[in-house]
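Just so it is clear, the model here is predicted, and its values are computed rather than measured.
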Amino acid sequence: MTTTTTLSDTDFAAPIQDRYFEDYVPGSVYVYGSITTTEEEILRFAGKFDPQSIHTDPDAAEQGPFKGLIASGWHTAGIMMRLYADHYVSKVASLASPGVDELRWVRPVRPGDSLSIRTTVQQACVSRSKPDRGLVHTAIEVLNQRGEPVLTMTAMNILMRRASQR
């Protein structure tokens, strides 16, 4: 298992085991990481889930548009999800996600890249029909070791409110 940490100067006031809707304050920014990609992991993931030569064949990838092996975007999304689940999404109040918006792969991820995520709480709205919960929109950037974004997206999560806030 990969051990990752909080990389930002601040983190949520409440630990992930006691984090509820109210703890996701719009404008808050948190950084978590990092996970380093390896050629072996890139090849294994792509061989099973995204069998395109730019992800599965280092020799062919050298001749391709990226001039070398790159990770599948879905592999990168999986790394993002690991960091997001380990550090950001509540372990006690997360109910579901209705989806994501504007998923973009903006730079290739190569073997040896070290990835982290920067999360920004964009919006947090209490549900009108179910006031015991709310919807949080989070901008997510997956960053490489140079701080360059390689993936961007907006996540949506439905979270329970604290009992005292219902």
Side-chain angles (χ1 to χ4, degrees), residues 1-9 11-12 15-17 19 23-24 28-123 133 135-160:
M1 182 172 141
T2 301
T3 302
T4 60
T5 60
T6 300
L7 300 175
S8 49
D9 293 335
D11 199 3
F12 285 88
I16 200 165
Q17 300 85 357
R19 195 173 297 160
D23 297 307
Y24 294 82
S28 299
V29 178
Y30 307 105
V31 181
Y32 305 106
S34 62
I35 295 175
T36 301
T37 59
T38 66
E39 182 172 312
E40 178 186 343
E41 289 171 341
I42 289 170
L43 293 169
R44 187 176 8 167
F45 182 94
K48 190 167 184 178
F49 298 109
D50 193 352
Q52 299 179 68
S53 63
I54 57 174
H55 308 312
T56 61
D57 183 340
D59 293 329
E62 282 294 328
Q63 305 308 312
F66 300 101
K67 304 298 183 210
L69 188 71
I70 64 168
S72 164
W74 297 112
H75 185 179
T76 304
I79 292 169
M80 178 281 304
M81 192 64 215
R82 182 61 200 231
L83 291 166
Y84 192 69
D86 282 355
H87 297 286
Y88 186 80
V89 177
S90 170
K91 302 284 188 210
V92 294
S94 180
L95 297 174
S97 171
V100 301
D101 288 332
E102 301 175 10
L103 172 62
R104 302 286 184 267
W105 294 293
V106 295
R107 277 186 187 77
V109 172
R110 299 183 184 277
D113 280 352
S114 202
L115 305 179
S116 60
I117 63 171
R118 179 170 43 221
T119 60
T120 303
V121 181
Q122 291 182 311
Q123 183 178 12
R133 62 196 67 183
L135 180 66
V136 175
H137 288 78
T138 303
I140 301 172
E141 297 171 284
V142 178
L143 308 171
N144 63 22
Q145 65 276 9
R146 292 175 297 282
E148 302 166 329
V150 299
L151 178 154
T152 61
M153 62 179 261
T154 300
M156 294 174 278
N157 294 92
I158 301 169
L159 297 152
M160 293 296 297

(request) Measure the spacing between NZ of Lys48 and OG of Ser72 and express it to the nearest 0.5 Å. (result) 14.0 Å

(message) Does any part of the side chain of Thr76, heavy atoms only, come nearer than 4.5 Å to the side chain of Val150, both counted from C-beta?
(response) yes

(message) Test your reading of the model: is there a side-chain donor-acceptor pair from Thr152 to the backbone of Glu141, 3.5 Å cut-off?
(response) no

(message) Quick one, Asp23 and Ser28 - any side-chain contact, counting heavy atoms below 4.5 Å?
(response) no

(request) Working to the nearest 0.5 Å, report the span between OG1 of Thr154 and CZ of Arg104. (result) 9.5 Å

(message) Would you compute the distance between atom CG of Asn144 and atom CG of Leu115 and round it to the nearest 0.5 angstrom?
(response) 7.0 Å

(request) Check Thr119 against Ile140 and note the closest heavy-atom contact, atom names and distance. (result) CG2-CG1, 4.4 Å

(message) Can a donor-acceptor pair be found, under 3.5 Å and without considering hydrogens, that links the side chain of Arg19 to the backbone of Val89?
(response) no

(message) Could you go through Ser90 and Tyr24, starting from their C-alpha distance and side-chain angles, then the distance that decides it, and tell me whether this counts as side chain to side chain contact (heavy atoms under 4.5 Å, CB included)?
(response) CA-CA 10 Å; Ser90 170; Tyr24 294 82; 3.9 Å; yes

(request) Please report the shortest heavy-atom distance between Pro108 and Asp113, naming the atom on each side. (result) O-OD2, 4.0 Å

(request) State the CD1-CZ distance between Ile42 and Arg110, to the nearest 0.5 angstrom. (result) 9.5 Å

(message) Keeping Thr56 on the side-chain end and Pro51 on the backbone end, is there a donor-acceptor pair under 3.5 Å?
(response) no

(message) Please confirm whether the ring centroid of Tyr84 lies under 6.0 Å from the ring centroid of Tyr32.
(response) no

(message) So, taking the atom named CG in Leu69 and the one named NE2 in His55, what distance separates them when rounded to the nearest 0.5 Å?
(response) 8.5 Å

(message) Testing the 3.5 Å rule here: is there a donor-acceptor pair between the side chains of Ser114 and Ser34?
(response) yes

(request) Would you list the pairs meeting salt bridge (charged side-chain N to carboxylate O under 4.0 Å, His left out) in which at least one residue belongs to residues 49-58, sequence neighbours left out? (result) none

(request) Specify the closest pair of heavy atoms between Ser53 and Ala60, including all atoms of both residues, with the distance to one decimal. (result) CB-CB, 4.0 Å

(request) Indicate the atoms forming the closest heavy-atom contact of Met160 with Leu95, along with that distance. (result) SD-CD1, 3.3 Å

(message) According to ring pair (Phe, Tyr, Trp, His ring centres under 6.0 Å), who are the partners of Phe45, at least two apart in sequence or on a separate chain?
(response) Phe49, His75

(request) Fit a plane to each ring of Tyr30 and Tyr88, take the angle between them on a 0 to 90° scale, and name the class: parallel (under 30°), tilted (30 to 60°) or perpendicular (over 60°). (result) tilted

(request) With rounding to the nearest 0.5 Å, note down the distance linking CD in Glu62 to NZ in Lys67. (result) 9.0 Å

(request) If a pair satisfies salt bridge (charged side-chain N to carboxylate O under 4.0 Å, His left out) and one of its residues is in residues 31-43, list it, with sequence neighbours excluded. (result) Glu40-Arg44

(request) Looking only at non-hydrogen atoms, find the nearest pair between Pro98 and Leu135 and report the distance. (result) CG-CD1, 4.1 Å

(request) Could you tell me which non-hydrogen atom of Thr38 sits nearest to which non-hydrogen atom of Pro111, and how far apart they are? (result) C-CB, 4.3 Å

(request) Taking the side chain as every heavy atom from C-beta outward, state whether Glu102 and Met153 have any atom pair closer than 4.5 Å. (result) no

